[in-house]
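Below, each value reflects all heavy atoms present in this structure, side chains not excepted, and no hydrogens, waters or symmetry copies. All residue numbers refer to positions in the sequence shown, counting from 1. Every value quoted in this text rests on a predicted model; they were computed, and no experiment measured them.
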Amino acid sequence: MNIHVGAEAFARFEARRLSPAIGAVLHGVDLSEPMDDALVAEIRKALLRYKVIFFRDQDITREQHIAFARKFGELEIHPATPKDQENPEVLRIVHNASNKGQENSWHSDVTWRTEPSLGSVLRAIELPQVGGDTLFSDMVMAYEGLSEKMKEFCCGLTAVHDIARVFAKRLGKDPKELHAKFPPQEHPVIRTHPETGERLIYVNTAFTSHIKDLSKEESDWLLQQLYSQAAVPEYQCRFRWEVGSIAFWDNRACQHYAASDYFPDVRIMERVTIAGDRPYFEA
């Protein structure tokens, strides 16, 4: 294997960093081909190292997309998926002149679940000519960028995550109706990654409503300080999509932001999400 400058060689592929902080494009993997356990293990190793990994020029079917994601764990079904959809594991995200993109804020997916997702595999189906990039931010670096006093204060705090903050309006449902099935969840403000042991910031602008045991003013102020860490460019990478591109991110370790700069053009993506486990903080 001829190694590209700035790349890292794995046994079965080459990883080229997208930024010094986070993200790498994996070259030499064909997701349409059968995948043995050794290759799955190497891809998982790359995911843990780079927190988001990308594949280019992948001509795969929806069924192959699902099969690839299933190699990394059980799949979950999002409540925004139509009930009569043939493949309920797939969340189809369509934006056009009548439906402007709304994912343009820093967030982690489904933190309103008791056991938020391990990660998501997103596939580009149709893209605007220009725009529609996705940015990713390393929440381990975000935590490490805090002062020692701020780290000490935040460790052990608990935040509440609420599905209704986003999906009450988007699904046209009353918050009480959503809460009957998905009650607000409490997760640590600083989470320990279950596989790497790293500490990271685990609150986000989309789903976090408040921090327990603080006044509203204190909670709002602290959340803004923590949210702002995701926006630091040195913690980020930016991915420019092409049809056939796939992103696989560790939802436990990073946040993402889908730039909604292409309206009224069409952008169609399909996401398959891998179930995770309950967040915890280990002192």
Side-chain angles (χ1 to χ4, degrees), residues 69 73-85 87-95 99-122 134-137 139 142 157-191 193-194 200-214 216 219-220 222-224 226-227 229-230 247 249-258 260 269-281:
E74 295 296 320
L75 305 184
E76 62 179 42
I77 298 173
H78 198 281
T81 303
K83 291 182 179 179
D84 58 350
Q85 184 173 291
N87 302 106
E89 303 93 345
V90 176
L91 178 65
R92 188 171 173 88
I93 305 166
V94 179
H95 296 307
N99 183 31
K100 188 174 183 179
Q102 302 175 65
E103 295 81 18
N104 55 330
S105 65
W106 287 108
H107 65 284
S108 302
D109 290 330
V110 302
T111 61
W112 42 264
R113 289 191 186 276
T114 306
E115 298 180 338
S117 72
L118 179 154
S120 293
V121 182
L122 186 67
T134 303
L135 295 84
F136 296 85
S137 189
M139 290 296 99
L157 292 178
T158 299
V160 176
H161 297 249
D162 186 352
I163 186 176
R165 286 172 58 85
V166 171
F167 287 102
K169 182 178 179 181
R170 197 171 295 186
L171 298 178
K173 293 182 180 291
D174 184 271
K176 292 180 180 178
E177 182 182 356
L178 283 173
H179 290 162
K181 189 171 184 180
F182 304 106
Q185 294 296 317
E186 297 181 1
H187 299 312
V189 169
I190 306 300
R191 175 180 184 172
H193 194 287
L200 58 114
I201 294 174
Y202 200 66
V203 292
N204 67 91
T205 60
F207 301 117
T208 305
S209 62
H210 64 281
I211 297 175
K212 284 185 65 180
D213 302 321
L214 298 184
K216 184 180 186 306
S219 173
D220 289 349
L222 182 55
L223 285 174
Q224 286 306 316
L226 297 176
Y227 294 158
Q229 289 293 95
W249 63 87
D250 186 338
N251 197 56
R252 306 162 297 183
C254 68
Q255 294 188 23
H256 57 285
Y257 182 116
S260 183
M269 316 293 281
E270 291 190 349
R271 190 180 91 195
V272 178
T273 301
I274 303 154
D277 49 21
R278 191 171 184 87
Y280 65 90
F281 172 74

**OP:** Report the C-alpha distance between Asp250 and Arg252 in whole Å, list the side-chain angles of each, state the deciding distance to 0.1 Å, and finish with yes or no for salt bridge (charged side-chain N to carboxylate O under 4.0 Å, His left out).
**Re:** CA-CA 5 Å; Asp250 186 338; Arg252 306 162 297 183; 2.9 Å; yes
Original post:
Side-chain contact, heavy-atom cut-off 4.5 Å: Lys216 with His210?
Top reply: no
Original post:
Which distance, rounded to the nearest 0.5 Å, do you find between the CH2 of Trp249 and the OG1 of Thr273?
Top reply: 7.0 Å
Original post:
For the residue pair His78 and Trp112, does the interplanar ring angle fall in the parallel (under 30°), tilted (30 to 60°) or perpendicular (over 60°) class?
Top reply: perpendicular
Original post:
Can we say Glu115 and Arg278 salt-bridge, meaning some charged N sits less than 4.0 Å from an Asp/Glu carboxylate O?
Top reply: no
Original post:
Run the side chain to side chain contact (heavy atoms under 4.5 Å, CB included) check on Gln255 and Met139 step by step: do they pass?
Top reply: CA-CA 7 Å; Gln255 294 188 23; Met139 290 296 99; 3.3 Å; yes
Original post:
Any Lys/Arg nitrogen of Glu76 or Arg271 sitting under 4.0 Å from an Asp/Glu carboxylate oxygen of the other?
Top reply: no
Original post:
With a 4.5 Å heavy-atom cut-off, do Val189 and Thr158 have their side chains touching?
Top reply: no
Subject >> Contact check, side chains of Lys212 and Leu157, non-hydrogen atoms, under 4.5 Å >> reply: no
Subject >> side-chain hydrogen bond (donor to acceptor under 3.5 Å, both in side chains), paired with Thr111, selected from Asn204, Asp162, Thr208 >> reply: Asn204
**OP:** May I ask you to test the Cys254-Ser137 pair for a side-chain heavy-atom distance under 4.5 Å?
**Re:** no
Original post:
After noting the C-alpha distance and the side-chain angles of Thr134 and Tyr257, does the key distance pass the side chain to side chain contact (heavy atoms under 4.5 Å, CB included) rule?
Top reply: CA-CA 6 Å; Thr134 303; Tyr257 182 116; over 6 Å; no
Original post:
Say you draw a straight line from CD of Gln102 to CD1 of Ile93; how long is it, rounded to the nearest 0.5 Å?
Top reply: 11.5 Å
Subject >> Phe281 and Arg191, any side-chain heavy atoms less than 4.5 Å apart >> reply: no
Original post:
More than 12 non-hydrogen atoms from neighbouring residues, nucleotides or ligands closer than 6.0 Å to CD on Gln85, yes or no?
Top reply: yes
Original post:
Do the side chains of Ser120 and Val110 get nearer than 4.5 Å, heavy atoms only?
Top reply: no
**OP:** Ignoring hydrogens and angles, state whether a donor on the side chain of Asn251 or Ser117 is under 3.5 Å from an acceptor on the partner side chain.
**Re:** yes
Original post:
When rounded to the nearest 0.5 angstrom, what is the spacing between CD1 in Ile211 and CG in Asp220?
Top reply: 9.0 Å
Subject >> Heavy-atom pair with the smallest gap, counting every atom of Ala69 and Val121 >> reply: CB-CG2, 4.0 Å
Original post:
So Phe182 and Arg113, side chain to side chain contact (heavy atoms under 4.5 Å, CB included) or not? Walk me through it.
Top reply: CA-CA 7 Å; Phe182 304 106; Arg113 289 191 186 276; 3.9 Å; yes
Subject >> Shortest non-hydrogen separation from Pro188 to Tyr202 and the atoms involved >> reply: O-CB, 3.7 Å
**OP:** Report yes or no: does His179 contribute a side-chain atom to a donor-acceptor pair with the main-chain N or O of Glu177 at less than 3.5 Å?
**Re:** no
Subject >> Note, Tyr280 side chain near Pro194 side chain (heavy atom, < 4.5 Å) >> reply: yes
Original post:
Considering all heavy atoms of both residues, which atom of Ala206 and which atom of Arg165 are nearest to each other, and what is their separation?
Top reply: O-NE, 3.1 Å
**OP:** Given side-chain hydrogen bond (donor to acceptor under 3.5 Å, both in side chains), test His95 with Glu103 step by step and report yes or no.
**Re:** CA-CA 10 Å; His95 296 307; Glu103 295 81 18; 2.8 Å; yes
**OP:** Please work out which of the three classes, parallel, tilted or perpendicular, describes the rings of His187 and His161, given edges at 30° and 60°.
**Re:** tilted
Subject >> Contact check, side chains of His193 and Leu200, non-hydrogen atoms, under 4.5 Å >> reply: yes
**OP:** State, to 0.1 Å, how close Ser260 and Gly101 come at their nearest heavy-atom pair, and which atoms those are.
**Re:** OG-O, 3.2 Å
Original post:
OG/Ser219 to CG/Leu214 distance, rounded to the nearest 0.5 angstrom?
Top reply: 6.0 Å
**OP:** Drop me the distance from Leu135's CG to His256's NE2, to the nearest 0.5 angstrom.
**Re:** 11.0 Å
Subject >> Leu91 CG to Thr81 OG1 distance, which is reported to the nearest 0.5 Å >> reply: 4.5 Å
